[in-house]
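For reference, the structure discussed in these notes is given below.
Source: prediction; values computed, not measured.
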Amino acid sequence: TMKGICRLLFALLLLWTVAHAKDDSKHNDKNKKRPIKAKNMPKPKPRPVLATKDQLKEKTYKKLEDKARLNRREKKEIAKAELKTYKALRENGADEVSNTERAVMLRNYRLRNKKKKGFLRKKEASLAAVLFPGASPEEYDEGEQIWIYADLVESKKTQVPYEYYNLPGCAMPQESDSKRKKRTRRNLGSRLQGHDMKPAPFDLRVKENKECTPLCRIQLEGRKLTWMRRLIERQYRVQLQLDSLPVLMRNSDLNYAVRGYPVGFKAPTAPGEKPKKLDKSDVFVYNHLKFKITYHEDPAQFEGYRIVGFDVHPVSIKHDKPSDSQVDKNTKLSSCQGMNVENDPARYLKLASDQSSVEIIYSYDVEWEKSSVEWMDRWDVYLVGAPDDDIHYYSIVNSLMIVLFMTGAIATIMIRTLRKDIAGYNELQTLEEAQEETGWKLVHGDVFRPPSFSPMLLSVCVGTGAQIGFSFVFALFLAVFRVTNSLNKGQILTSIILLYVFNGSIAGYISARIYKFSEAKNWKMNSILTATALPGVFVIMFSCLNVFLTIAGAATAVSFLTIIVLFLLWICVSAPMVFVGSFIGLKASTIEVPTKTNQIARIVPETPWHMHPILTMLMGGILPFGSVCIELAFIMSALWLHQIYYVMGFLLAVLGILAATCAQVSIVLCYLQLCAEDHRWWWKAFWNCATSGAYLFLYSLWFLSSRLDLVGWLPVVVYLTYMSMIAICFGLFCGAVGFLASFWFTRTIYGAVKVD
């Protein structure tokens, strides 16, 4: 039965959740020798007010000192004073990215709306609690070895990332078996996205400063030299992590902080001079890294040291030639002494186009600095400059306005039609009203006639769209209830894939029910197409793209083992679930409808211009897309511009609004079509909302031309391929919701009609 399948799905999902939680708990535990007690967990402190005593009334200031509850007038007074102080400090050149006390206060004010948790009554919280709920800090002992892990080397100008050790550089250091097993534990989503954390070749000890230390010497020539120049020209950045913190480049003078450091740089052109297209001589590589690690200690609260900052300052320097051919940490270089290695235009390491070979010596230094920034506030600087949560609220309000408008239209239709049906024809009606009612009532004998064009394809599309919708809803619920985390690499993608696989029974059930209602006989082919149609199309697209990514050596090129895992999930789990759902749907009784279908189809009169199928599809698709377009801008920026997106609660609300909008648009257009005596509503109800996918793809083209600056044909192919997949899924979901809503609507209104 359907209840048994639901119980089985719930049990499988629960088992996966528990196993995933255990895996994460093992991954987060450092060792058993120093457990973190509950009293050592950081608690959010009240945000210091960015206002002086002179700006506030004496009563308000006294309440602040006593931490008393403020009324609405006092809150407005404080907010006005804080805004004035913030603007004054920013105009005077105060920065928000350094670790000074003033910068921390400015950051707290800037992020005040993000540091809140709750739905109706929000409470103050730290960003660590918002972004990583349940995460605990890790303390280190003085002199303890810690690892910097290398992630991807990526660029906003291309969507073709590379692994760190694909770059010409030093060899990977040796790890212990326990460290390697802990690092190699990756989920399916991180494998598909190319994330593979590997230890970087830097030797770090807690609170031990390290002066300039050579790493290795390499010889760049031929294709490697050309490829290195191309990476620099395309603005590739190296992503490193320490204690789960991404490496940060920050500048207090310019008030900016960005993740990762560039592979190199091109010399800027003189003012008024146009850059030469063929001039490739002024390209320089960063070969020395100045790490600055900030830590926090509080012996009264915890033992050891907590890392609260991980900064890097890259330097390009042409080191002096060593006496030995072999370069390691013990090699002495006159250009690598102390902590004074800085950028000097006279000593930049140049990768000239006319050089056949370039020698590069890599080096680094490490500085540890004590900071008053606490562990729970260490993520603040990463979100400075991110869009405020108020914009997400405006997005939801914009979507709700569309929903309320459509709700009013549907309420008017339902009230008018059902009220007049109950009243019957006992009262005298005007000619205009009679014509209106006669229009949709006259087709009662044909409204449930199965579609003449491919009922199998329609049932497959609706079933697949429902499967996609349930998968995303369940995935967002897991994220909202903190089972998964969008900032943990690959977790959301893994949950979507697994939920899509387990929701195959939903697709099979809905597809079989619709197909059986259409009185078709080839139910085996219907089940096979439901299980293979969309995955088959995506497999073909992904396989072709994967060939190009493999040739290019991209980190996102999927290995053969991962492809086998995906294939087994499809064949051994998804397809059987679809077949089970199809079996239950075919065994169930045929969907009952309130009217009988005539043997001979009614002739459809000429359609009015405003009900032309192309026009209704264009108008019907724009409203669902418009309800999500604002939130879509943030999602696209997170996908393609490497920004942080974590507001899954907003996304779940927008998804619900999208479904409501699709249902309402489909009902209104279906009613207008039936009033025009056109009973062929089946495919039109699907396409009226499914065209939202086309609008999404057009939006992606605009995003490509205006927001992205991709270089080369492969990044464009990668972008268009993935956006095509997303647009197809979006269109199938909207079309399925529109069709099911219209089906419910026709059964409802014709069930109230008194047919002779």
Side-chain angles (χ1 to χ4, degrees), residues 396 399-400 402-407 409-411 413-414 451 455 457-477 496 499-500 503-515 517 530 533-534 581 585 591 616-629 631-632 651-673 681-697 726-749:
I396 293 179
S399 304
L400 283 176
I402 298 177
V403 172
L404 292 177
F405 171 74
M406 298 303 299
T407 302
I410 292 175
I413 292 172
M414 298 292 288
L457 181 60
L458 177 63
S459 61
V460 169
C461 290
V462 174
T464 305
Q467 182 183 8
I468 294 171
F470 276 102
S471 302
F472 274 93
V473 169
F474 290 153
L476 290 178
F477 268 112
I496 290 175
L499 288 170
Y500 178 83
N503 283 326
S505 57
I506 295 176
Y509 179 80
I510 294 177
S511 177
R513 295 278 283 170
I514 297 173
Y515 190 69
F517 180 81
T530 304
L534 182 66
I591 301 175
T616 57
M617 285 189 293
L618 292 176
M619 295 301 296
I622 199 170
L623 284 177
F625 173 76
S627 66
V628 299
C629 63
E631 198 67 24
L632 184 63
L651 188 56
L652 181 61
V654 170
L655 184 62
I657 292 172
L658 171 64
T661 306
C662 290
Q664 294 171 341
V665 167
S666 181
I667 288 173
V668 170
L669 291 177
C670 181
Y671 172 75
L672 295 177
Q673 181 182 340
W681 60 272
W682 296 72
W683 272 108
K684 293 179 181 178
F686 178 82
W687 283 113
N688 285 341
C689 293
T691 49
S692 299
Y695 282 106
L696 174 59
F697 187 74
I726 295 173
I728 290 173
C729 293
F730 188 78
L732 287 174
F733 168 70
C734 294
V737 172
F739 173 84
L740 295 175
S742 293
F743 197 24
W744 169 84
F745 174 72
T746 51
R747 291 183 64 196
T748 301
I749 63 172

Exercise for review: State whether the side chain of Gln467 and the backbone N or O of Tyr500 hold a donor-acceptor pair below 3.5 Å, judged by distance alone.
Suggested key: yes

Exercise for review: Could you tell me whether the side chain of Ile657 reaches within less than 4.5 Å of the side chain of Val628, counting heavy atoms only?
Suggested key: no

Review point. Mind checking whether Phe686 and Trp683 have parallel, tilted or perpendicular rings, split at 30° and 60°?
Key: perpendicular

Review point. Which atom names give the shortest non-hydrogen contact between Ile510 and Ala466, and what distance separates them?
Key: CD1-CB, 3.4 Å

Review point. CG of Leu696 to SG of Cys629: how many Å apart, nearest 0.5 Å?
Key: 11.0 Å

Check your understanding: Can any side-chain N or O of Tyr695 pair as donor or acceptor with the backbone N or O of Leu623 at less than 3.5 Å?
Key -> no

**Study point:** Student check: side-chain heavy atoms of Leu669 and Lys684 closer than 4.5 Å
**Key:** no

Check your understanding: What pair of heavy atoms forms the shortest contact from Thr464 to Leu732, and how long is it?
Key -> CG2-CD1, 4.1 Å

Check your understanding: Hey, what do you get for OG (Ser692) to CE (Met617), rounding to the nearest 0.5 Å?
Key -> 12.0 Å

Review point. Of the options Val654, Leu655, Leu658, which is the one that meets Glu631 in a side-chain contact (heavy atoms from CB on, under 4.5 Å)?
Key: Val654

Study note, to complete from the structure: All heavy atoms of Leu499 vs all of Ala475, minimum pair found to be CD1-N, 3.3 Å

Review point. Roughly how far, to the nearest 0.5 Å, is OG of Ser471 from CD1 of Ile506?
Key: 7.0 Å

Practice item. Check whether any side-chain N or O of Ser666 sits under 3.5 Å from a backbone N or O of Cys662 as a donor-acceptor pair, and report yes or no. Key: no

Study note, to complete from the structure: Sorted by chain and number, sequence neighbours left out, side chain to side chain donor-acceptor pair (under 3.5 Å) with Ser627 holds for none

Exercise for review: Could you tell me the separation between the CZ atom of Phe625 and the CG atom of Leu632, rounded to the nearest 0.5 Å?
Suggested key: 5.5 Å

Review point. Between the main-chain N or O of Gly508 and the side-chain N or O of Ser511, is there a donor-acceptor pair closer than 3.5 Å?
Key: no

Point to revise | For Leu458 against Pro451, the heavy-atom pair lying closest together | key: CD2-CG, 4.0 Å

Exercise for review: May I ask you to test the Phe739-Trp681 pair for a side-chain heavy-atom distance under 4.5 Å?
Suggested key: yes

**Study point:** Side chain Thr661, main chain Pro624, donor-acceptor under 3.5 Å
**Key:** no

**Study point:** Exceeds 12 heavy-atom contacts within 6.0 angstrom, atom CZ of Phe472
**Key:** no

**Study point:** Side chain proximity check, Thr691 to Leu618, heavy atoms < 4.5 angstrom
**Key:** no

Exercise for review: Measure from the ring center of Trp682 to the ring center of Phe517 and say whether it is less than 6.0 Å.
Suggested key: yes

Review point. What is the minimum heavy-atom distance between Arg513 and Gly585, and which atoms define it?
Key: CD-O, 3.6 Å

Check your understanding: So do Tyr671 and Ile667 actually touch side chain to side chain, heavy atoms under 4.5 Å?
Key -> no

Review point. Within a radius of less than 6.0 Å around CZ of Phe470, do more than 12 heavy atoms belonging to other residues, nucleotides or ligands occur?
Key: no

Exercise for review: Carefully, step by step, assess Ile728 and Phe697 under the rule side-chain contact (heavy atoms from CB on, under 4.5 Å).
Suggested key: CA-CA 9 Å; Ile728 290 173; Phe697 187 74; over 6 Å; no

Exercise for review: State the CG-OG1 distance between Leu672 and Thr616, to the nearest 0.5 angstrom.
Suggested key: 10.0 Å

Point to revise | Minimum side-chain heavy-atom gap Pro455-Ile514 below 4.5 Å | key: no

Study note, to complete from the structure: Smallest heavy-atom separation, Ala659 atom then Val737 atom, equals O-CG1, 3.4 Å

Check your understanding: Taking C-beta and beyond as the side chain, do Met619 and Asn688 meet within less than 4.5 Å on heavy atoms?
Key -> no

